[in-house]
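Counting starts at 1 for both ligands and their atoms, in listed order.
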Amino acid sequence: MRIDILTLFPEMFNSVFSESIIGRALKNNIFTVNCINIRDFSEDKHKRVDDYPYGGGPGMVLKPEPVFKAIQNVRKENSRIIFLTPKGKVYNQKIAKELSKEEHLVLLCGHYEGIDNRIIENYVTDEISIGDYVLTGGEISAMVLIDSVVRLLPGALGKKESYMEESHYNGLLEYPQYTRPREFNGHKVPDVLLSGNHKEIEKWRIYQSLKYTYLRRPDLLEKKELTKEEEEILSKIKLNFSN
Ligand SMILES: Nc1nonc1C(=O)N[C@@H]1CC[C@H](O)C1
């Protein structure tokens, strides 16, 4: 997978691409990435990339020409041109999985009050929001998208870092995790996890996953096709936790 990032602040991405799992995936050529400064495509002698909004109002708007030139400079036939914006569809693991199968992602990071709408209407394929809040720029949203997509690419996660059972992967919240020591500040690890009884451990994990999802994200349960066993466990949970 190739990822091109169109941004006014390419330096913001340095640590993301040099550290941890994403840094290692890059080093191992699991994906390639290129940060492009939109300002390099401004033909204005002052390298301006923004201007006042037509119709008045506060703030500035990203001009269409430099953004268009930057997009044309990187786009390929089947590129997904993704504009990060609070007005987009809210990002989730399902979208991450879908994007992880693409060959080429172009991430357009907004700034100021936004971007000239003619770019969105005519050249953007996807508008994605990472949540209902307003950031100062789209760069952090782009980092969130890259992290969640790259970790799904074959070979990105090492043997130890399985993602098969993580929250929002199988549609439910993940069960609680514990590691050594067995007792910490008087708090013990649940006995079942020390029992070596994998059937019981699996049952405990399904129960915990359904419990957390029922209590914190019942909306995920509505979308999830539960097995008969999961339905039975959920009925017990509802009895135990019905307030
Ligand atoms: N929430 C979000 N999900 O993706 N991007 C955002 C976001 O707040 N973007 C900023 C809005 C104004 C500035 O243009 C950039």
Side-chain angles (χ1 to χ4, degrees), residues 1-17 22 31 33-42 44 46-75 79-102 104-152 167-169 216-217 219-220:
M1 170 184 284
R2 179 178 175 80
I3 301 177
D4 283 290
I5 304 167
L6 309 184
T7 170
L8 291 172
F9 303 99
E11 304 295 308
M12 284 181 71
F13 293 87
N14 292 347
S15 51
V16 170
F17 297 134
I22 304 303
F31 75 112
V33 68
N34 187 27
C35 284
I36 288 144
N37 193 331
I38 296 168
R39 200 174 295 281
D40 294 346
F41 292 87
S42 165
D44 171 286
H46 302 297
K47 286 286 177 195
R48 288 200 60 166
V49 290
D50 64 316
D51 209 332
Y52 298 97
Y54 277 120
M60 304 296 275
V61 177
L62 262 174
K63 291 171 63 59
E65 307 96 317
V67 177
F68 170 70
K69 291 192 179 80
I71 290 172
Q72 294 305 93
N73 181 264
V74 295
R75 77 177 313 153
S79 305
R80 295 286 285 267
I81 316 281
I82 300 169
F83 176 46
L84 288 310
T85 168
K87 294 192 287 192
K89 63 183 168 196
V90 178
Y91 190 59
N92 57 29
Q93 190 68 14
K94 185 167 174 283
I95 299 172
K97 269 185 70 185
E98 176 204 325
L99 292 179
S100 71
K101 297 176 172 40
E102 292 289 343
H104 185 220
L105 303 181
V106 179
L107 304 184
L108 175 54
C109 302
H111 256 275
Y112 314 112
E113 286 308 301
I115 193 166
D116 188 291
N117 207 55
R118 289 166 289 188
I119 291 291
I120 299 170
E121 283 170 332
N122 300 294
Y123 305 103
V124 164
T125 60
D126 304 82
E127 292 179 75
I128 291 180
S129 167
I130 62 164
D132 292 335
Y133 37 79
V134 181
L135 304 167
T136 56
E139 283 75 15
I140 292 173
S141 315
M143 292 174 200
V144 165
L145 188 147
I146 290 166
D147 189 287
S148 53
V149 166
V150 166
R151 65 185 292 282
L152 297 176
S167 293
H168 298 277
Y169 190 82
R216 296 183 183 174
R217 292 293 305 277
D219 58 298
L220 294 178

*With distance as the sole criterion, is a donor-acceptor pair present between the side chains of Tyr91 and Ser148 under 3.5 Å?*
yes
Ligand 1: which protein N/O atoms lie under 3.5 Å from its N/O atoms?
residue: ligand 1; atom: 1 (N); partner: Gly131; partner atom: O; Å: 3.1
residue: ligand 1; atom: 1 (N); partner: Tyr133; partner atom: O; Å: 2.8
residue: ligand 1; atom: 3 (N); partner: Ile130; partner atom: N; Å: 3.0
residue: ligand 1; atom: 4 (O); partner: Thr85; partner atom: N; Å: 3.3
residue: ligand 1; atom: 4 (O); partner: Ser141; partner atom: OG; Å: 3.1
residue: ligand 1; atom: 5 (N); partner: Thr85; partner atom: N; Å: 3.4
residue: ligand 1; atom: 5 (N); partner: Ser141; partner atom: OG; Å: 3.1
residue: ligand 1; atom: 8 (O); partner: Leu135; partner atom: N; Å: 2.8
residue: ligand 1; atom: 14 (O); partner: His111; partner atom: N; Å: 3.3
residue: ligand 1; atom: 14 (O); partner: His111; partner atom: O; Å: 3.3
residue: ligand 1; atom: 14 (O); partner: Tyr112; partner atom: O; Å: 3.1

_Could you work out, with ring pair (Phe, Tyr, Trp, His ring centres under 6.0 Å) as the rule, every residue matching Phe31, not counting sequence neighbours?_
none
*Taking atom types as modelled, is there a side-chain donor on Thr7 or Glu139 under 3.5 Å from an acceptor on the other?*
yes
*In this structure, are over 12 heavy atoms from other groups packed under 6.0 Å from Lys69 atom NZ?*
yes
*asked:* Can you list everything that forms a ring pair (Phe, Tyr, Trp, His ring centres under 6.0 Å) with His111? Sequence neighbours excluded, please.
replied: Phe9
N/O donor-acceptor pairs under 3.5 Å from side chains in residues 115-122, not counting sequence neighbours:
residue: Asp116; atom: OD1; partner: Arg118; partner atom: N; Å: 2.9
residue: Asp116; atom: OD1; partner: Arg118; partner atom: NE; Å: 2.8
residue: Asp116; atom: OD2; partner: Arg118; partner atom: NE; Å: 3.4
residue: Asp116; atom: OD2; partner: Arg118; partner atom: NH2; Å: 2.6
residue: Asn117; atom: ND2; partner: Glu121; partner atom: OE2; Å: 3.2
residue: Asn122; atom: ND2; partner: Arg118; partner atom: O; Å: 2.7

